[in-house]
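Below: the structure, in structure tokens.
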There are 2 protein chains.
Amino acid sequence: MTTTMKDVARRAGVDVSTVSLAMNNDPRIRMETRARILTVATELGYRKNLLARGLRSGKSFTIGAVVGSATPFWAEALAGAQSVLSDHDYHLILDYAPDAGRREETQIEALTAKRVDGLLIAPPDSEALDSDSETLRRYRSLKEQKVPFVFLDRFIPGVDADAVAVDDFAAACQATEYLIAQKHRRIAYLYPPHRMNTAQRDRREGYRQTMESHGVEPLFWATTKPGNDRREEAWEETRNRLNESESSGVTAILAATDSMAVGVLRALHESSVRVPEQMALIGCGGAAFAEYLQPPLSAVALPIRELGAQAARLLLLRIEGDVAPPKRVLLPTQLIIRGSC
Amino acid sequence: MTTTMKDVARRAGVDVSTVSLAMNNDPRIRMETRARILTVATELGYRKNLLARGLRSGKSFTIGAVVGSATPFWAEALAGAQSVLSDHDYHLILDYAPDAGRREETQIEALTAKRVDGLLIAPPDSEALDSDSETLRRYRSLKEQKVPFVFLDRFIPGVDADAVAVDDFAAACQATEYLIAQKHRRIAYLYPPHRMNTAQRDRREGYRQTMESHGVEPLFWATTKPGNDRREEAWEETRNRLNESESSGVTAILAATDSMAVGVLRALHESSVRVPEQMALIGCGGAAFAEYLQPPLSAVALPIRELGAQAARLLLLRIEGDVAPPKRVLLPTQLIIRGSC
DNA sequence: TTGAAAGCGCTACCAT
DNA sequence: ATGGTAGCGCTTTCAA
């Protein structure tokens, strides 16, 4: 058996309620008494039971996080969230949600069963979230059950909830503006058309609007074949495009993600297209390795860590009872010019 | 108020104990009765309370994970663990443990207070873990409290516990053997000497022994200045080494990590040293982007996902009561030759 | 096959 | 300033 408050109480010659108060630093307990209780507790190796506390107080000090996969992106975002949460004595329960292999008792339900105090959710990438979809219904049900949650980096149009996202629209604008200012006209936008989320859509839209506002025609390079990863898709697509006559005259490529830019770089290198002389390139993301590519990759850096941190802060506010209407926070991005353009 | 078993019981005209049994698919309950209970439960929107169950049954179905930081490495390892755990209805509580900012009530203690059923632990990098260190004491205390735990990728020499690690020794051997077979003789090993863990030590040792067994003298390139990250350290160090007369004649570099290889590549490029013609290069890790570097980076691939998965399996066994003496599992690595050597 | 009752370890209310 | 006590929602004997 593990030691309980009862054991401590008996040994210290006080009541369990006194032990409880002492443990929580309640000012009503005399310093002297508390000291004695604390001593006894250490002697007995007492460890408080947060399950019991949670059951009794209706608060678990645990947050559930549901993200798609274990990418560096999410790792960093969750690290940002965790650093904020741990400052407030909350823990993070992780739940990767690969689209395939969905179980009967779904992940969110399992998390709420553990009585998490709130959820951080990155909705799955999907264009086809019809209004009666399973996913949608689940988010709505969360709202009804009054479980606080915040969308991470993307959101579901039909669900009115807090969301923290990188300003993807502005990110694409910044990059496009820069390329145009550099006198580029034929600027291609390389992106993955399948399973697009709001983030990807915003980027594409930022590119499109910026191009059009300058009277330049957008040039969309949507990847055609899904590959093993974004790098591979971008690599293949770029190779194909370089051989098309339609692509002649393209002097700059804006890639929807850092990973894609890496694939582009490889294709360009293999075709002996010099960067930046013959082709300028900008990525999106701000991955640390970008600086170390050949040439160093220019990119729009996204404040990923801050994304998680802000979402956590917003969630904590909700948990503390904030009832303001749902917020949608957009985090500013930063264009970092390196050797690739 | 949330709906409880009591509510369901009343509405279904049965006792709570019956509801409990029905919910857990106990064969003693008649199919018909269970069906009715389940219907009522859905009607009422009943959600089981895992805190209560945990308190009562002494099992939380939650595993704590303590790792150093949010690197892609750990993200992938934890994804591997999570996929195994979720198959067994366990959840993972995440806890990054940056060496700095250690709190009074330390992370492991907080996790055990939540009554996790076990722990996955990546001990901090440190050569100076004297036998009476705080960390060491904590692991010993875990053993005493009979909290099952498994070390991830590294371990503490003084603590006899389960550990799953990549075979770092063999990894370095493979790479070194290959370079020697390619007729390289002056092969430098670039590594970070500070805060070394068992993984890093094993790699260095694998390199050393392989070199010596072939009668070739090891050439250690320990980084001198700590930089912002491994890439930067490696970059700087390589630059300096290339200018030293002592380094003349070096024809191959084995980098302790993929990140370091990236830094090396940059330094070589800037010094116009051609890879692999003038300098061969191999990294350690198997990061996905390695293939996309210029030239594509040869590397020893480490089964990181499997690392997490195996650790999770081992931990589950312990939780189920396995009392065999502590195991130390080593996962095989694979040398992948690409353009850099 | 189902019901009754005890209790997991804690908090919070009401006494004293 | 401290003690007594009633649950939080569930599982788990033991009875019926």
Side-chain angles (χ1 to χ4, degrees), chain A residues 1-38 40-41 44-62 89 105 109-110 112-117 145, chain B residues 1-38 40-41 44-62 89 105 109-110 112-117 145:
Chain A
M1 263 339 282
T2 64
T3 338
T4 79
M5 279 191 179
K6 208 157 125 189
D7 303 319
V8 177
R10 188 162 31 228
R11 181 77 168 273
V14 294
D15 190 84
V16 293
S17 58
T18 310
V19 175
S20 174
L21 292 178
M23 287 300 185
N24 295 305
N25 293 318
D26 192 294
R28 282 174 292 182
I29 302 301
R30 219 191 317 155
M31 256 185 39
E32 187 184 311
T33 319
R34 175 168 55 233
R36 184 158 44 91
I37 291 177
L38 257 39
V40 172
L44 263 45
Y46 168 75
R47 312 266 62 227
K48 66 182 161 205
N49 187 327
L50 258 25
L51 289 183
R53 175 200 293 220
L55 174 59
R56 178 60 232 231
S57 63
K59 218 169 157 336
S60 64
F61 280 93
T62 305
D89 293 321
E105 196 179 44
E109 277 161 8
T112 54
K114 283 212 166 131
R115 292 305 189 260
V116 294
D117 296 325
Q145 298 177 242
Chain B
M1 258 345 278
T2 65
T3 337
T4 80
M5 280 193 180
K6 209 157 127 191
D7 303 319
V8 177
R10 188 163 29 226
R11 180 77 168 271
V14 294
D15 190 86
V16 295
S17 59
T18 310
V19 176
S20 174
L21 293 178
M23 287 300 186
N24 295 308
N25 293 319
D26 191 295
R28 281 174 292 181
I29 302 301
R30 217 190 316 153
M31 253 186 40
E32 185 186 312
T33 318
R34 177 170 49 234
R36 185 160 41 90
I37 291 178
L38 257 39
V40 172
L44 264 44
Y46 168 75
R47 312 266 63 229
K48 67 182 162 208
N49 187 327
L50 259 25
L51 289 182
R53 174 198 292 214
L55 173 60
R56 178 60 232 233
S57 64
K59 218 170 158 334
S60 65
F61 280 93
T62 306
D89 293 322
E105 195 178 44
E109 278 161 9
T112 54
K114 283 212 166 133
R115 291 305 189 259
V116 293
D117 297 325
Q145 298 176 240

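Residue numbers begin at 1 in each chain, while the letters A, B, ... track the order of the sequences. For clarity, every value in this text was computed on a predicted model and none was experimentally measured. In what follows, every heavy atom counts, from backbone to side chain, and hydrogens, waters and symmetry copies are set aside.
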Distance, rounded to the nearest Å, where [X] contributes [atom1] and [N] contributes [atom2]:
X	N	atom1	atom2	result
A:Met5	D:dG7	CE	C1'	16 Å
B:Asp26	D:dC10	CG	C1'	15 Å
A:Asn24	C:dG9	CG	P	17 Å
A:Asn49	D:dC8	CG	P	18 Å
B:Glu32	C:dT1	CD	P	12 Å
B:Leu44	D:dG9	CG	C1'	15 Å
A:Arg34	D:dT2	CZ	P	10 Å
B:Leu51	D:dT11	CG	P	12 Å

Without hydrogens or angle criteria, can the side chains of A:Lys114 and B:Thr62 be said to hold a donor-acceptor pair below 3.5 Å? yes
Here the residues of residues 12-21 of chain B within 4.0 Å heavy-atom distance, strictly under, of DNA chain D are B:Ser17, B:Ser20
Which residue lies more 5' along DNA chain C, comparing A:Arg28 with B:Leu55 via nearest heavy atoms: B:Leu55
I want to confirm an ordering. Mapping B:Ile29 and B:Arg115 to their closest nucleotides on DNA chain C, which one lands closer to the 5' end? B:Ile29
Could you tell me whether A:Arg53 contacts a base, only the sugar-phosphate backbone, or nothing, with contacts defined as non-hydrogen atoms closer than 4.0 Å? sugar-phosphate
When we call it a touch if two heavy atoms are under 4.0 Å apart, what does B:Arg30 touch: a base, just sugar-phosphate, or nothing? sugar-phosphate
Specify the angle, to 10°, made by the local axes at the two ends of the helix from C:dT1-D:dA16 to C:dT16-D:dA1 when five pairs are taken at each end. 40°
How many angstroms lie between atom [atom1] of [X] and atom [atom2] of [Y], to the nearest 0.5 angstrom?
X	Y	atom1	atom2	result
A:Arg30	A:Ile37	CZ	CD1	10.5 Å
A:Thr2	A:Tyr46	OG1	OH	9.0 Å
B:Met31	B:Arg36	CE	CZ	13.0 Å

Non-hydrogen side-chain atoms of [X] and [Y] separated by less than 4.5 Å:
X	Y	result
A:Arg10	A:Leu44	no
A:Val8	A:Arg11	no
B:Asn49	A:Leu55	yes

Nearest-nucleotide pick for A:Thr33, side chain only, options being D:dA1, C:dC10, D:dC10: D:dA1
Please tabulate, for side-chain N and O atoms in residues 16-25 of chain A, each donor-acceptor pair with protein atoms closer than 3.5 Å (sequence neighbours left out).
{"residue": "A:Ser17", "atom": "OG", "partner": "A:Asp15", "partner atom": "OD2", "Å": "2.8"}
{"residue": "A:Asn24", "atom": "OD1", "partner": "A:Arg53", "partner atom": "NH2", "Å": "3.4"}
{"residue": "A:Asn24", "atom": "ND2", "partner": "A:Ser20", "partner atom": "O", "Å": "2.9"}

Closest non-hydrogen atom pair between A:Leu51 and B:Ser60, with its separation: CD1-CB, 4.2 Å
